[in-house]
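Naming: A, B, ... by sequence-line order, numbering from 1 per chain.
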Amino acid sequence: MAEEEYNFSLIEKKWQKRWERDGLFRTDRADRPKFYVLNMYPYPSGVLHMGHVLNYTLGDVMVRYKLLRGYNVLSPMGWDSFGLPAENAAIRTGIAPHEFTERNIERMRGQMRRAGWGYDWSREFATSHVDYYRWNQWFFLKFYERGMVVKKTAPVNWCESCQTVLANEQVVNGGECERCGSRVAQKDMNQWFYKLSDYAERLLAGHDRLRGNWPDAVLAMQEEWIGKSVGAEVTFTVSETGDALPVFTTRPDTLWGVTFMSIAPEHPLVRKLAAVSPDGAKLLDAAAAMRSMGTSAKELAEREKEGVCTGFHVVNPVNGAEVPLWIANFALITYGTGAVMSVPAHDQRDWEFAKKYGLPIVKVIEPADGSDVGDWDRAHVDAGAIVNSGPFTGKPDNFGAIPEIVDWLNAQGLGKKRVNYRLRDWLLSRQRYWGTPIPIIYCDRCGIVPVPEPDLPVILPADIDFTHGQGNPLLRSKSFVNVKCPTCGRPAKRETDTMDTFVDSSWYQIRFADPKNDAVCWDRRKVRQWLPVDQYIGGIEHATMHLIYSRFFMMALHDLGLVDFEEPFTRLFCQGMVCKVAFRCESCKWIAASQVKAVRIGGGELDEEEEALLFKRIENQSLDAGGLEKEGYALVCAGDGGPVHFEMTKISKSKLNIVDPDAMMDRFGADTVRLYMLSDSPPDRMRIWTEDGINGSWRTINRLWRLVMDSVEKVAPVGSALPSELDRINSGLRRKTHQCVKKVTDSIEGGYQFNTAIARCNELLNFLRTHRDAAHPAVLRETLEVIVKAISPIIPHFADECWSRLGYEESVFAGSWPEYDAEAAKEDELVIPVQVNGKVRARLYVSPDAGTSELERLAFADARIRELVAGKSVARVVVAPGRMVNIAVN
RNA sequence: GGGGGCGUGGCGGAAUGGCAGACGCAAGGGAUUUAAAAUCCCUUGGCCUUUGGGUCGUGCGGGUUCGAGUCCCGCCGCCCCCACCA
């Protein structure tokens, strides 16, 4: 028989056409139960990278598996197409953002088809199309009516390089812009906010229904982000002016130990007190110098505790004690009330501050060793008995006494229980062009006027010059900005800020159920049919951004009566980040690896081989910056010769460390790349990108191909029954076959451990390869069919080709998942380890003849062992629980 | 400082409390070939060995157990998230 090479490019194209023709991913199997699989949709950057490949391959495996399992599967794809890169490209090149975006979508859609990912393309949409973003505006108006969106002046994060504000969630690495990596400053601005903080408790409560179905890490991150803390609010009074100063504390048990009060430099009281203080000007200067705003989070964390005494005092309501009032740089205006009651004896930060400025320290919790403040070298924060605390002195457990103390504060009218959240409102405004215009008009007479619903959508103007001028280009569009006030008809100005693009992704999962509707946002029946999403798949980096916003948005839509559910994603799987080393030149920011040169410190070129080896070591993390220097090397930028730093980071286009899957697909085909992505490590684990091992995936596919080709003549006809009696090899084959079915099924249903599922398929393949000649034709058919089916969601084109060679007309995905035969998968011999003095020395194989139940066989083994050791010097023979025979020898 | 995760060969990684290292990569050897590629076969944790095997071995120290990579306690190290959060 002529050897037939596996021609992936022909075969992959052929099956992609077939699936399209047959409408494999259309959602018209109404007789089946629904299953909605959603992959986080991409920003159309222009090219897919390996992170996408992992994400979408995982999703596609789920889709195809669910098809085989008899579901009506919804698998849509769309584009998160608003955002900065398109606008920045426009500024750089003059190409309009919509044009840039459309072009990128074209290219990426082609890559997706080529990868063989199955989507219902009839549902495709892009968020930058007015058909989509008009609903952002509509929701905004609905939220506005309900008071769920507000405009307020607040400290916000400002990215100078992106010329826009950022939400808290978009500030990363202790003060860097999530997009461009430059330092974020804080300033006061009047901006639009969604009242996310109103939903803090509900978001938290929702974790109960998500637990088990969402990764623990994501829930933990969200909990941390919401940052609930329970305590009390207690109102102090400024002695000199009578101003009330409420403070939030989680430690009301230490109220009697307050020795000074600290307020944030931005606290309104600062200005008020400065106005009546002889040293007012000095105070204002000192406060200005300590402001947290305009300082990056990193600097905030590193700077030393500093403060200035105001000369004023506050009265502690619980005991009437007068303590000095300080302005302190560690007090944050953004948390609690902006004031901290300082208890240096029992709070490390207060302790350091008190030591620095010589403030008194009063013990109110007795340490276990009974020591006094004078003996301490740090604050005492552990539990103990309460002392020096008025009515609570003598309580043995300070933490346990907190509820009682709060009740007492309440009864005395001195304070009340308070729950404080770290979660703040979602800053919605962006001073950029390429986003959804906020449907608001400012009128000198009528103030803030929402655009009336019939006037929607507010269309993003196309006649914009991007290459000239600073700031938001919308400000320069006269036709956009100048409008008539909808209320009074006089000239007015349109809001030029656009919405954060996270608004788009907060509800896109619903729109896929009814993507073309232009009368209403969606048809309720269609939403009921598909939502919520049964399986959502995406990167863990969205844990505190998209995944909080989207949950909030569903709850808000639920409150508006637009949806019946509160949680958008029933199950969530987060794949690990695909990382690769990225290089940063000190002067030209991120640069491609090809632009980096290695040199010897003190001069001297490297030969090519030496340099390649060096880069290899950097890439697989076996050489860090320190090691590089120690060995006498340095990296420089090929452009300007400046020093280059490197770090391991998620692959992304902006960091110029992406790997384009096209090259790999050219060489090996889509299936090999798909198989490779899932073969080696569990998909939730972070991985450093390498192409080592892709040969193995290629070999696996070819081995299987040759096996199928060599077997088609030998294999029993479709539908042949298995013989009733099988020899050892054939029953072994069937055992491995059904163990493979089980493993792959469990891996998909459970933890997505495809590496072990693939390993099991490989094992079966290897076993069949060595025993093929002894395989019964019907068993051979069963085994081949199971391998092909079990692996089909991962390498679908290949599987379908094999399926047709095995004599089937229909696509493998038109059929069903293989039945698991537990009886066939069972080991026929019970293996009982025999342990002598605690070490396994032998293994006893007990055949089914000895009994059908495990207990019977164990008894048989016990008897057999006793026979064997009879008369020898043996202390005891024990059949241990489980299956283990222990022999203790004297 | 708080929270989450992890620690197993040269590498990615397997192991319902029961033969540690599945499966694969890389490496080495052999077959085939004029040659190379491809393919096929073998070896591959350390040490010892009379080649039968023996022995040590899952970051470190204890514990539970007939039996621990796995469970418990205490360290050490790494990664991620949050962080002057009152």
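- B/A37 is unpaired under the Watson-Crick or G-U wobble criterion, no partner having all donor-acceptor distances under 3.5 Å.
- For B/C25, the OP1/OP2 oxygens have a side-chain nitrogen or oxygen of A/Arg699 closer than 4.0 Å.
- Across all strands shown, B/U43 pairs with B/A27; the Watson-Crick or G-U wobble distances both stay below 3.5 Å.
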Distances under 3.5 Å only, N/O to N/O: pair up the protein atoms with those of nucleotides 1-5 of chain B.
unit_1, atom_1, unit_2, atom_2, d
B/G2, N2, A/Glu224, OE2, 2.6

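- Within the structure, every side-chain polar atom (N or O) of A/Arg687 is placed at least 4.0 Å from both OP1 and OP2 of B/G13.
- Straight-line distance between the C1' atoms of B/G17 and B/U65: roughly 9 Å, to the nearest whole Å.
- Glycosidic conformation, B/G52: syn, with the torsion inside 90° of 0.
- Residue-level contact check: A/Asn702 touches neither bases nor backbone, having no heavy atom under 4.0 Å from any strand.
- The partner of B/G21 cannot be assigned: no Watson-Crick or G-U wobble pair with both contacts below 3.5 Å exists in any strand.
- Comparing B/G13, B/C85, B/C23 by their nearest atom to the side chain of A/Asn755 picks out B/G13.
- The salt bridge (Lys or Arg N to Asp or Glu O under 4.0 Å) test applied to A/Lys417 returns no partner, not counting sequence neighbours.
- Proximity of a side-chain donor or acceptor of A/Tyr676 to a complementary backbone N or O of A/Asp692 within less than 3.5 Å is detected.
- Distances shorter than 4.0 Å separate some side-chain N or O of A/Arg349 from OP1 or OP2 on B/C85.
- Partners of A/Asn7 under the side-chain hydrogen bond (donor to acceptor under 3.5 Å, both in side chains) rule, at least two apart in sequence or in another chain, are A/Ser9.
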